[in-house]
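Notes to accompany the following structure.
Chain identifiers are assigned alphabetically (A, B, ...) following the order of the sequence lines, protein sequences preceding nucleic acid strands; residue numbering begins at 1 within each chain. Just so it is clear, the model here is predicted, and its values are computed rather than measured.
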Amino acid sequence: MARQTSPMLATPVPGIGTAAGHRVARTKPVAGFFVNPAAIVVVLLSIFPFVLSLAMTFSNWNLLYTGAQFIGLDNWQRLLGDATFRRSVTNTLWMTAAGTVIQYAIGLGLALSVLRIRRGQRFFRLVFLLPMMISPAAVGYIIGRMQFSETQGPINDILRHLELGAVPWISNPAMAPWTIVIADVWQWTSFMFVLLLAGLQSLPEEPFEAAQVDGASSWQIFVQLTLPMLMPVTVTAVLIRSLELFKLIDLVRVITAGGPGTATQTVTLYVYDLALNRGDMGYGATVAYALLILVTIYALIYLGVTRRSVENAR
Amino acid sequence: MQIARRRLVVLATAALLGLVVTPSSVLLTRAQDRPFEGAEVVVSGPAGQVECILNWTADWEEETGATVLVNPIPFSDVDSKVLTATGTGTFLADVYYLGSQTAGQLMGAGQVLEVPAEYQESLGLDDIPEIYNQFQLSWNGKMYGIPWDGDMLMLNYRSDLLADPTFQQAFKEQFGSDLAAPQSWTEYANIAEFFSGKDWDGDGATDYGLVELPMRRNHAWNGFLSRATGYAKHPDDPAFFFDPETMTPRINNPGFVKALDDWTNALQWGPPDMLAYDWAANAQSFIGGHAALNIQWGDIGPMSVDPEASVVKDKVGFDTVPGSTEVWNPATDAWETMVTPNKAPFAGFGGWIYVVPALTRNADASFDLASHLGSPEVRLKAVTTPGCGANPSSLAQLDPAVWVAAGFSAEAADAYTRAIEDSLTDPNVVFDLRIPGIQDYKDSLEIAITKALSGEASSRAALDEAAAEWERITDRLGRDQQGQYYRESLGIAGA
């Protein structure tokens, strides 16, 4: 049977069926030498745990007891009736939304301010980066536990001196999530700032000069030019920070341990509790998978909604 | 000359050989005497406590030739580290310094080694109260744990304030009763209210009536149950947490609900951020002189006489945890009124003990070290050393002279030892829950407790939710099996 040529290959492609193609063939073992280790690492450290943890969701594996039994969809059924999981999801969504919006707003404000500074930009960039370099556990303790300590913290002390009264930062279920968000904002606004500053610096000057010549106000320029043109960076920065906030655990663990009650319990903290404190690996994996599904849905919707804005900016 | 020279050579050779052989033989003999020469024994436990054992390991190291290393783990991560190591078959330590609840889970799962008979002999078990021998160290009649600590929640109060005539008079005018160590939760609440919000030590800062343990993941379980026992542990009924026949949870019966209501109300007399107070914050608040009443373990005693940490030396009184004149009887589903407050001391947390995991690298050396630490002599030293996490766990440690030597006043030593002895010997004592799934039961109840304390839910709704969760946990783990474990833990005949 005659070998058929694909219409796609009707036009000779450089390197295929030529001397150059032979060179490629000869380099394959070399390429494999470089690619295979990385592929093996990905398979072992990413795909295998991914598949294994999916299998765990159908088991009753408990760290304390040897052996695990297949229990079908029991863990998923349990998830549907789990009030703590539902509360954890609500808290996570709320903290993610609040944290991302506030960080974006402050980060953009700082970036616009620093953009106007002609000298010392590098200094401010460095100073604003410092919180990012601190361990979240340390931030949780220094900012969350010490600064917001209701009886001994300086913030309440200042409020008392101003006769505004002490705020129950950690012990009040309505206030505690805000304390977590404030600590996260303190640490991660600089991330938004750095990305947005870089984005602002990369914008072309011509549209802004033209708008000024046409008599546009600063607000009009900001709303109709700066924000839309900054959209690709905005989408990326918000996506990265919101994905990180979906996995929030360290600050919560240190500042409130999920309390009072379940007011600050996040999904990741719940997974940690289930799997590592209670040893319930099967159900812990199920909750972790539920978070993965939630985050994937969020990311798909978010990227779908923002796609047009990003394309317009280009 | 020849002979003399030859003799000299012989003598010199003999001397040289003697020099070489003698130390070797000494070393050889010593090595034979040192059974674990070159071995390394790692002990894991809560940071800030486990390091304390190094005060008493040098002699053992010298004697056995082994080296002791400690692996401190942050308190709130101890259980998870141990569970992870156990579940994944990973070596963490040769000896675990562990809370007896978690240790009980490991015992039930066969993950720790039974203590060999030869090591049991040196532990002075005859002097250890039966509740510790039975509930803390053993599982299903076999001994797996080596003693270290005996845990009993108790009342610590500022004896100087309660003895102050000015306060006594003002208190009598306000409440119509004498100011004395509270025996009931009602009296406790009155005293807390009386001292709350005043600057009674004149340092310019507001002081509080009480400081307790309401933080989730940090003893909210113990803080609540030490109060609930008075309302919900009927003297005629050995069970407290569940109906032992049906395993129906009792944690939402009117006794528990009343206890949680009272506790929620009492929070107003503590520091405003008390919901975030862990064990250390609780202790520091009290020995720092900021609260009049305190519910804690026996650690407060030695801490209160530590001049470097305490401002309340010789100003602290000790008693058993208060009780309630109204007690819920599950058998009749009705409240009963008692002439004197129903006290049911709570052996919460159950005490730190040593266990040797199945994954140990050297079982003999591990048991040898653990039994050295658990010997009556070392425990006696540890129990009077602040920060070792060791409270009295044997009758010899309840000799007031021990505590006077540790810096207590004679009066305080007497009160301290009496409070612990009274708790230990009380027939209505409640030992902490120790059945499989304890972390699940504990976490769901702590969520409910803190929901109620923070106003997120009513006591009734929160405890109903927790009870429903307990039912699910019991069903998941097997109701019959759980019932069997619970009855065994109560020592109910025919279990």
Side-chain angles (χ1 to χ4, degrees), chain A residues 60-66 68 71 74-75 78 81-84 87-88 137 144-145 148-153 156-157 160 165-176 179 253-265 269-270 272-283, chain B residues 76-77 79-89 102 105-106 108-111 205-206 208 214-218 220 267 271-278 281 285 290 436-444 446-457 462 465 468-469 472-473 476-477:
Chain A
N60 63 353
W61 181 30
N62 189 302
L63 280 175
L64 265 176
Y65 306 99
T66 49
I71 56 167
D74 283 5
N75 283 330
R78 181 178 162 193
D82 187 343
T84 306
R87 181 65 199 257
S88 305
R145 299 283 290 185
F148 288 100
S149 167
E150 292 169 29
T151 48
Q152 293 159 10
N156 266 1
D157 217 27
R160 276 191 215 101
V167 174
W169 296 105
I170 297 170
S171 60
N172 184 302
M175 203 60 229
T179 308
R253 183 81 176 79
V254 174
I255 299 174
T256 59
T262 48
T264 56
Q265 172 101 28
L269 183 61
Y270 190 40
Y272 171 83
D273 275 346
L274 289 166
L276 299 181
N277 275 340
R278 305 187 189 182
D280 193 349
M281 298 297 281
Y283 189 55
Chain B
S76 52
D77 292 333
D79 289 352
S80 62
K81 291 268 186 201
V82 167
L83 286 183
T84 311
T86 305
T88 57
T102 307
Q105 281 194 289
L106 297 180
Q111 302 285 3
T206 305
Y208 303 102
M215 187 181 178
R216 184 180 160 201
R217 296 171 213 273
N218 213 300
L267 283 188
D273 53 348
M274 197 169 66
L275 277 179
Y277 271 30
D278 57 14
S285 179
H290 304 302
I438 175 59
Q439 297 299 344
D440 300 60
Y441 291 117
K442 183 189 271 190
D443 200 38
S444 52
E446 286 200 340
I447 286 174
I449 294 164
T450 49
K451 269 183 174 179
L453 293 179
S454 62
E456 202 178 323
E465 194 180 304
E469 182 59 23
R472 282 192 285 272
I473 296 165
R476 196 167 61 245
L477 297 174

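Within the 4.5 angstrom heavy-atom criterion, no atom of Ala275(A) approaches chain B. Looking at Thr84(A), only its side chain comes within 4.5 Å of chain B, counting heavy atoms on both sides. For Met274(B), no part lies near chain A; criterion is any non-hydrogen pair under 4.5 Å. Of the two parts of Pro214(B), neither the backbone nor the side chain holds a non-hydrogen atom closer than 4.5 Å to a non-hydrogen atom of chain A. Contacts between Asn277(A) and chain B at a heavy-atom distance below 4.5 Å involve backbone atoms as well as side-chain atoms. Proximity to chain A (any heavy atom under 4.5 Å) is restricted, for Arg217(B), to the side chain, taken from C-beta onward. Residue contact with chain A, scored on non-hydrogen atoms closer than 4.5 Å, involves the side chain of Tyr208(B) exclusively.
One finds a salt bridge joining Asp440(B) and Arg476(B) here, because a Lys/Arg side-chain nitrogen approaches an Asp/Glu carboxylate oxygen to under 4.0 Å. Salt-bridge check for Asp280(A) with Arg78(A): passed, with a basic side-chain N closer than 4.0 Å to an acidic carboxylate O.
Chain B forms the most heavy-atom pairs under 4.5 Å with one residue out of Arg145(A), Gln265(A), Gln152(A), and that residue is Gln265(A). The candidate with the highest count of non-hydrogen atom pairs below 4.5 Å against chain B, out of Arg278(A), Met281(A), Arg253(A), is Arg278(A). Residue with the most contacts toward chain A among Asp77(B), Thr88(B), Leu267(B), Val82(B): Asp77(B) (heavy-atom pairs, distance under 4.5 Å).
For the residue pair Thr102(B) and Asp79(B), a side-chain donor N or O sits within less than 3.5 Å of a side-chain acceptor on the partner. Counting only N and O atoms by type, the side chains of Tyr283(A) and Asp74(A) include no donor and acceptor under 3.5 Å apart.
Inter-residue side-chain proximity for Asn172(A) and Ser454(B) is flagged as unmet; no heavy-atom pair is nearer than 4.5 Å.
Checked options Thr256(A), Thr179(A), Ile255(A); the residue passing with Thr264(A) is Thr256(A) (criterion: side-chain contact (heavy atoms from CB on, under 4.5 Å)).
The salt bridge (Lys or Arg N to Asp or Glu O under 4.0 Å) check on Glu465(B) picks up Lys451(B), with sequence neighbours excluded.
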